[in-house]
Asker: 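Here it is, the structure, as structure tokens.
Atoms within each ligand, like the ligands themselves, are counted from 1 in listed order.
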Amino acid sequence: MTFEVSEAVAGSEPIIEINDLTVEYPSPRGVIKAVRGVSLKVYRGETLFLVGESGSGKTTLGLALLNLVPRPGRIVEGSIVYNIDGKSIDILKLSEDELRNFRWRNVAMVFQSALNSLNPVLRIWDQMYDTIESHDSSISRDESYERVRRLLNLVRLDPARVLKAYPHQLSGGMRQRVMIAMSLLLNPKVLILDEPTTALDLLTQKSIMDVLKSIKRELGLTMIFITHDLALAAELADRVAVMYAGKIVELGDVYEVFYRPKHPYTYALLKTVPKLTSIHEELYPIPGSPPDMSNLPLGCKFHPRCPYAVDTCMSSEPGEEWMAPNRMVSCHRFKELSLG
Ligand code: SF4
């Protein structure tokens, strides 16, 4: 059996190494295990998509990558090591000051709601200049302006119009593009984007997708997308990690995962998406609901919804099966099932 390996991954070094990461939130109903012992390498220059339904743990994993898990949530186990500029930095061991410095310069995140992320009483230029000034006082105002102008052009916004505007004077798509430009102000090596196209109309989604493609092509930085939008993944991803109940259940090159899925959950997720080439195609919602994360079932966490479940699935949770260095699935029956 041979597997596709994306160019971005082949021969590349990991820029992030996540080991055995566990994140929990206390709740009145018990402890919510949002991320359960995840290990993952992210390679320099690749575009990795974390996909899954709401509550699968993908946003918590993204926040953990910046040590930004909101309290009372906490990282209870594991390490997240960045290999940047010849140094290995465990982000979970940095002080608050070191962390502030590390974020933006090395890794930046674009959150889902651009309006909430921008300061409503400051013009866009002031917000962008403040961001540069507070992290790098050696850059002059003229240099800052030149950098801001270049980035706004990259995200296809007119600097003359946008820089003097307040956030409420811009459309949702323009604000999202401002946030993307802001995230790039300090030349980060890693960019994390949480649902960058959610809550936007279809045309705006398409224009943001084009902007993200240009960034991928022109800047060559490592990008991690957190999304349930499989169409976006199909357009942009090098690799895809499918999350379910706080774990990665399938990982591989985007072509492998989308055309030769090995996990019944990935297969079910793909059947929920319409194909552009088919007019009368039936769509199949995944039966049942995502599990209660404070009271997970025994065995495989997908077994109550899985049409292929057998007795073993109900009593024992499958481990990671590596079919190739970058191809993993976590299912007892993956060898005998023929999906896709
Ligand atoms: Fe389905 Fe069993 Fe595989 Fe889980 S381990 S996905 S229940 S076949």
Side-chain angles (χ1 to χ4, degrees), residues 1-4 18 20-24 30-41 48-61 78 226-230 233-234 237 239-273 275 282-340:
M1 211 183 291
T2 56
F3 295 96
E4 299 274 334
I18 305 162
D20 211 13
L21 188 76
T22 299
V23 185
E24 295 180 352
V31 174
I32 292 171
K33 295 190 182 222
V35 175
R36 301 183 303 120
V38 165
S39 296
L40 177 68
K41 288 187 171 83
L48 173 74
F49 270 68
L50 297 174
V51 304
E53 292 166 293
S54 302
S56 59
K58 56 191 193 308
T59 293
T60 298
L61 180 55
I226 298 159
T227 186
H228 63 269
D229 185 345
L230 299 184
R239 283 195 310 155
V240 175
V242 182
M243 288 197 72
Y244 190 80
K247 267 197 185 286
I248 295 173
V249 295
E250 181 155 12
L251 172 74
D253 177 89
V254 62
Y255 181 88
E256 285 287 339
V257 173
F258 280 15
Y259 287 95
R260 291 196 279 242
K262 296 285 175 202
H263 196 285
Y265 175 63
T266 310
Y267 182 56
L269 207 56
L270 289 166
K271 288 211 303 182
T272 64
V273 184
K275 290 194 188 78
E282 278 208 55
L283 298 179
Y284 300 91
I286 305 175
S289 321
D292 175 351
M293 295 298 286
S294 63
N295 186 21
L296 287 168
L298 282 178
C300 171
K301 307 309 173 214
F302 188 55
H303 87 251
R305 306 170 77 187
C306 180
Y308 310 102
V310 292
D311 285 353
T312 320
C313 307
M314 294 168 206
S315 54
S316 123
E317 183 160 23
E320 295 186 350
E321 297 279 352
W322 289 86
M323 297 166 276
N326 271 310
R327 189 76 177 98
M328 185 279 287
V329 65
S330 176
C331 167
H332 289 304
R333 302 193 63 201
F334 81 96
K335 282 186 187 149
E336 55 191 291
L337 297 177
S338 169
L339 307 171

Asker: Check each atom of ligand 1 against the heavy atoms of H263 and keep those under 4.0 Å away; list them by number with element.
Answerer: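 Counting from 1, the qualifying ligand atoms are 6 (S).
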Asker: Quick test: of every protein heavy atom, which one is nearest to atom 2 (Fe) of ligand 1, and how far off is it to 0.1 Å?
Answerer: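 In this structure, atom 2 (Fe) of ligand 1 has C313 SG, 2.3 Å as its nearest protein heavy atom.
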Asker: Short check: any N/O/S atom of C306 below 2.8 Å from atom 2 (Fe) of ligand 1?
Answerer: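 No, C306 does not qualify, because none of its backbone or side-chain N, O or S atoms lies under 2.8 Å.
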Asker: Minimum heavy-atom separation for T22 and R36, please, with both atom names.
Answerer: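 Shortest heavy-atom separation between T22 and R36 comes out as OG1-C, 4.2 Å.
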Asker: Note the single closest protein heavy atom to atom 4 (Fe) of ligand 1, along with its residue, its atom name and the distance in Å.
Answerer: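 Protein heavy atom with the smallest distance to atom 4 (Fe) of ligand 1: C300 SG, 2.3 Å.
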Asker: Report the nearest protein non-hydrogen atom to atom 5 (S) of ligand 1: residue, atom name, distance rounded to 0.1 Å.
Answerer: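 Here the closest protein heavy atom is H332 N, 3.3 Å.
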Asker: Quick check: are there more than 12 heavy atoms from other residues, nucleotides or ligands sitting under 6.0 Å from NZ of K33?
Answerer: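 No, NZ of K33 has 12 or fewer neighbouring heavy atoms, counting only those of other groups under 6.0 Å.
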Asker: If we ignore hydrogens and angles and just use 3.5 Å, is the side chain of S294 paired with the main-chain N or O of I32 as donor and acceptor?
Answerer: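 Flag not set: sc S294 to bb I32 has no pair under 3.5 Å.
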Asker: Got a salt bridge between E250 and K262, using NZ or NE/NH1/NH2 to carboxylate O under 4.0 Å?
Answerer: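 Looking at K262 together with E250, the answer is no, because their closest N to O distance does not fall below 4.0 Å.
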Asker: Taking only heavy atoms of C331 into account, list the atoms of ligand 1 that are under 4.0 Å away from them.
Answerer: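 Per the distance check, 3 (Fe), 5 (S), 6 (S), 8 (S).
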Asker: Of all residues at least two apart in sequence or in a different chain, which pass the side chain to side chain donor-acceptor pair (under 3.5 Å) check with E321?
Answerer: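 Checked E321 against side chain to side chain donor-acceptor pair (under 3.5 Å); zero matches.
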